[in-house]
Number of protein chains: 2
Amino acid sequence: MNINVIISPCGLEELYFINKTVVVIDVLRASNTIINALQNGAKEIIPVAAVEFAVKVSGGMFGGQTLLGGERNTKKIEGFALGNSPLEYTDSVVEGKTIVFYTTNGTPAIVKAKFSEYLIICSFANISAVAKILIKKKKDFEILCAGRNNTLSLEDIICTGYLIDEITNGKKNIPLTDSAKASLTLYKTIGKNIKKFLSETDHGKLLINNGFDEDVVFCSQVNSSEVVPVFSNNSLKLS
Amino acid sequence: MNINVIISPCGLEELYFINKTVVVIDVLRASNTIINALQNGAKEIIPVAAVEFAVKVSGGMFGGQTLLGGERNTKKIEGFALGNSPLEYTDSVVEGKTIVFYTTNGTPAIVKAKFSEYLIICSFANISAVAKILIKKKKDFEILCAGRNNTLSLEDIICTGYLIDEITNGKKNIPLTDSAKASLTLYKTIGKNIKKFLSETDHGKLLINNGFDEDVVFCSQVNSSEVVPVFSNNSLKLS
């Protein structure tokens, strides 16, 4: 089993993902919003790579069953029903609904990987459930970090390291690329206290400054869910 | 003093660098080749972002005083006088010469940062000399890692961490971004034995497989030079 880590989708072609098993990680906050929405009964999430496309896609759907969700610069987008705070996606709001979803880094990363053979969403919340699936598959896979503005996001890298640690479980014979090695090392050194480090990341600090303290705490929960969102026919559903 | 680390030039605009102080790091091997060429008496290095451009630039120069150097896929380019092995750039070869230089990741990174107010080249070889200059300047600066194929290169990140460690010298009040924090942590954990980790990186292994073992050893030398190449008027010269 080979594990490759992509620290940001920047510079990658969509066709790179053909035939690949891919895990997308966007800890703050898209992964957690998607997991929580499906946990709370949403029918599906349709990730889109542009706000304009979100409006277009939702316009063609039956009224009442579709919600627009997402953020730009951490804030809810004008005219959208929901932002990118996982806490907004309660069962009374999302049950049975299709959510067309746009975020700055997370949904473009998912859309870029749309040609993957198998594509799932991971965060600390479902890390053991994701690890179990990958161990069972016994196939090479890629971890695609959404990153931030084309660069590294410490929370995605550390979540990646945690996932690799769960999967390799101390085995030394699994070959690790530079970025996999970096992720594992960062998890083991500065990533053990998730709530603390998350609030000290660039993105964590920005969210806290914008009043999203509770989101940062929510996103630091580990193994609070068994939900593993799977991408198929352009939407994310329960596995 | 704020320190920002860019782990790969992917997705950045040239104009981003206007008014900035920038350190470019490409440990394997462009930084070391440039440092060694200037150390051994080369007049200047002209970094270019495309092979075709290298040929064009050198064509307009006086014969005999200009050499073409660089690599594609680690190997010397057909028709070029020199590859990207720092060991080739001896005094008898480069003294008094202008070298037009192309490499896969290093020179495109330098060219992308060409609008910087002040741009210098760093590797383990000149790390203390670079640190001294930046400490004296007392200005915010950016460390631009050349990276590899739009992603993280462990050797560039660890060299970055080493440079930050030299400059901050344990001071806690210097704010670090996510990528600066990651670099410093990786240097302190897996980066202390430079010769060993360098031979185990993705790029180090590739070079060794292609017969460039000696280059990897050469590039692991720390503070073997006082040369700090400075970019000005499209070429790199001694500071």
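Within every chain, numbering begins at 1; the chains are lettered A, B, ... in the order of the sequence lines, protein sequences first and strands thereafter. All values below come from the heavy atoms of this structure, side chains included, with hydrogens, waters and symmetry mates left out.
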Looking at side-chain heavy atoms only, is the closest gap between B:Cys10 and A:Asn150 below 4.5 Å?
-> no

Contacts of residues 182-190 of chain A with chain B (heavy atom under 4.5 Å) = A:Ala182, A:Thr185, A:Leu186, A:Thr189, A:Ile190

Determine whether more than 12 heavy atoms belonging to other residues, nucleotides or ligands lie under 6.0 Å from atom CZ of A:Phe53.
-> no

Using modelled atom types only, decide if a donor and an acceptor are shared between the side chain of A:Lys181 and the backbone of B:Leu154 within a distance under 3.5 Å.
-> no

Name the option with the most non-hydrogen atom pairs under 4.5 Å to chain B; the candidates are A:Leu176, A:Asn149, A:Thr201.
-> A:Thr201

Heavy-atom neighbours of A:Asn209 CG exceed 12 at 6.0 Å = yes

Look at atom NZ of A:Lys75 and say whether more than 12 heavy atoms of other residues, nucleotides or ligands are closer to it than 6.0 Å.
-> no

Taking atom NZ of A:Lys137 as the centre, does the number of heavy atoms from other residues, nucleotides or ligands within less than 6.0 Å exceed 12?
-> yes

B:Ile7, B:Val5, B:Asn4, B:Ile6 screened by side chain to side chain contact (heavy atoms under 4.5 Å, CB included) with A:Thr151, the one that passes = B:Ile7

Would you find a donor on one side and an acceptor on the other, under 3.5 Å apart, between the side chain of B:Asp178 and the backbone of A:Asp202?
-> yes

Leading residue by heavy atom contact count with chain A [cutoff under 4.5 Å; candidates B:Ser153, B:Ser8, B:Gly11] = B:Gly11

CD/A:Glu117: more than 12 non-hydrogen atoms of other groups inside 6.0 Å = yes

Answer yes or no: are there more than 12 heavy-atom neighbours, outside B:Lys195 itself, under 6.0 Å from its atom NZ?
-> no

Exceeds 12 heavy-atom contacts within 6.0 angstrom, atom NZ of B:Lys196 | no

